[in-house]
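One-based numbering, in listed order, for ligands and for the atoms of each.
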Amino acid sequence: MTYDADTGLLLLDTPHTSYSAYVGREDDIPIHTYWGPPITAEDAAYLATSTAERLASQWACFRSAANRHEEYPLDGGLQFGRAALSVEFPGAVRTIEWRLARHEITAGPGHQELALWFEARHQELTVTLYYRVYDDSDVIDRSVVVRNDSTTDAVDVHRLDSAAWVTPEQPRHRMTHLTGRWAAETQVRRTDLTDGHLVLESRRGITSHHANPWFAIDDGTATEESGRVYSATLHWSGSWRMLAQRELDEPAQVLFGWGHEGFGPRRLEPGEVLKTPVSSGLFTADGFGAMSHAWHEYALRHVLPNSGELRPVLFNSWEATGFDVDEAGQRALARQAADLGCELFVLDDGWFGRRSGDQAGLGDWWVNTGRFPRGLKPLIDEVHALGMGFGLWIEPEMVNPDSDLYRAHPEWTYHYAGREPHTMRHQLVLNLARPDVAEWVFGELDALLSANDIQFVKWDMNRPFTDTGWPEQPDRQGRLWLDHVTGVYGVIDALRRKHPGVAFEACSGGGGRVDFGIMARTDQFWPSDNTDALDRRYIQHGFSHLYPARTMSCWVTDLPTFINKRRVPLSYRFHVAMAGVLGIGGDLNAWTAEETEEARRLIAQYKEIRHIVQHGRLHRLGEPGRSASAVQYVTADQKESVVLVYQEAQQYDSNPAPIRLRGLAPEGGYRVDGGAVLSGALLMGHGITPQLTGDYASTLIRLELLA
Ligand code: GLA
């Protein structure tokens, strides 16, 4: 990466892309000029000059030539669109003009970082724009730091985005994004940006089931295998906003950041510093498939901890026993789970406090002695003796009004003085923006993990924020949306440091908290409470656009699920769950001998192929719901591949058409399922024809490259 202080030229190079901008000579406004395949420094200089000339030549009555081209639009001045940074200074002044004070390029292991320090010309405020590029990824990380340099006056930050991403001027800007709701997360949607704004956001305090913080923009022609795609995400687990703005003939500019308007500004005290989460952007030239590969590799190399490990096959008690958990019942399930080949036994909700349903107990993290008279130890010991790790469900950000914790500390919840707060699922949100509450939560969980030999924690969060008051500290009310999340991050980070052998699963009523911010401190996601195998295919399809299979926890459960009343063969349910980190969530006591035998065989098979699924490259071969579609995984050395093929419904006596594979060595010979040897060229050019008949038919095909 280079920044030339004389010319103001910025050029970032990643292995397969370049990104350039220049800092305007008079106003120091950084203007975006290029993002795409690699260019030279001379090209970047030409673009800076020609863009500056072009913008200067535009008739400037009623318009600001810079709008939509800024690297980071500021409130005030000639900004007529939405700003990435909006600060209110004393006297209700909201305009910033800045001067580039200095820049610095630093190098770390495998990456370089550029910092541009801007100082407000008329106020005491420093804004630093950070850019990071990696040796092994085309992802560019951006973040912003704001410092109030005044020694006397506070300022109010109304908006502080992590980045503005500018995509080129092109006739069409088609946006792909992930929408959904509880039990229907990560549904892929495509929509054209029209002139005006498109806002995707969460105003719920969590990442949300309803929109995932990610978008991809193409010119309307990109496919899975071809086309230029611009995409970006945000490493943040609370409320967020993505705002795309576009006007006639202009580039699309997408602002991406935390928080949301309408709940009061974040006050920045004299001398205080505020750092945004990272927003990562990516340009790829070869369609949505290549885009996902780049995101997955970036996530595994630079976000997910311990990404090189193989995640174990877990059993989870939730759908088997609900709240009805006790020592004898769980021990019986543990024996069955071990017999199937499970490697981790997770005791879900119901083990603590006076919890016999969802009305009571959250906040009381002591073991329910009615259900576990001798504590958890006998169960944990048996689970360990069976050769499995032990995991526990917790929901630390919550409290039921019917709990000892709430009776002792009603003021620890978000609420407005004198008003009854709204419960959802009979629970209230604890104010983790309060350091004393965050400390208490850490203390409870630390004690739990210290007293019990636990290998896995499922961290749940089952309702959005409402009634977000903090009566004792009304001045801090505007910041709780940010501070709650940093409070959660702080607790998990401290627990991980103190208990490095414990893995964490991020869950929020399923996929309400799936994002790169929480991914950096957990080991896997629970993508949805919906375990209906057909619905799950759609959820997993959307999930795979950004998130790797290594993070996607999937359970095989019983029929019918509590969501749909569909009946689906056990093999199809397994093949769907084997597309990620396999788990079992059914009531094993009720499984027949045949089902148990089939499950044992499929779990054993999963263990043989999981290194390919969890660490290989994922290819989406078609979309769920079509006559037959598949997901394929290929190891980095192209020696092994697994294809999971699904046919949801057979029609008109037809058989599936050949499915063309991807990512193989064309000249290599692959043994298919231990039988015929076919060339990579044939498998990719013509495809394989799966033998599938009937509805919810599925198969797993293994390919091995011959030496
Ligand atoms: C949430 C989770 C489920 C389960 C229940 C327990 O809904 O997503 O998996 O843990 O809570 O109450």
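The CG atom of D348 sits 10.0 Å away from the CZ atom of F315 when rounded to the nearest 0.5 Å.
Identified under the ring pair (Phe, Tyr, Trp, His ring centres under 6.0 Å) test for residues 422-448, with sequence neighbours left out: W412-W440.
Relative to the six-membered ring of F504, R496 misses at least one condition, a distance below 6.0 Å or an angle of at most 45° to the axis. Both cation-pi conditions hold for R536 and W526: the charged atom is under 6.0 angstrom from the six-membered ring centre and inside a 45 degree cone around its axis.
Residues lining ligand 1 at a heavy-atom distance below 4.0 Å are given as W318, D348, D349, W393, R425, K458, D460, N462, C507, G509, G510, W526, D529, ordered by chain and residue number.
With sequence neighbours excluded, the residues satisfying side-chain hydrogen bond (donor to acceptor under 3.5 Å, both in side chains) with R620 are E224, S292, S544. Remark: R190 engages T176 in a side-chain hydrogen bond (donor to acceptor under 3.5 Å, both in side chains) (not counting sequence neighbours).
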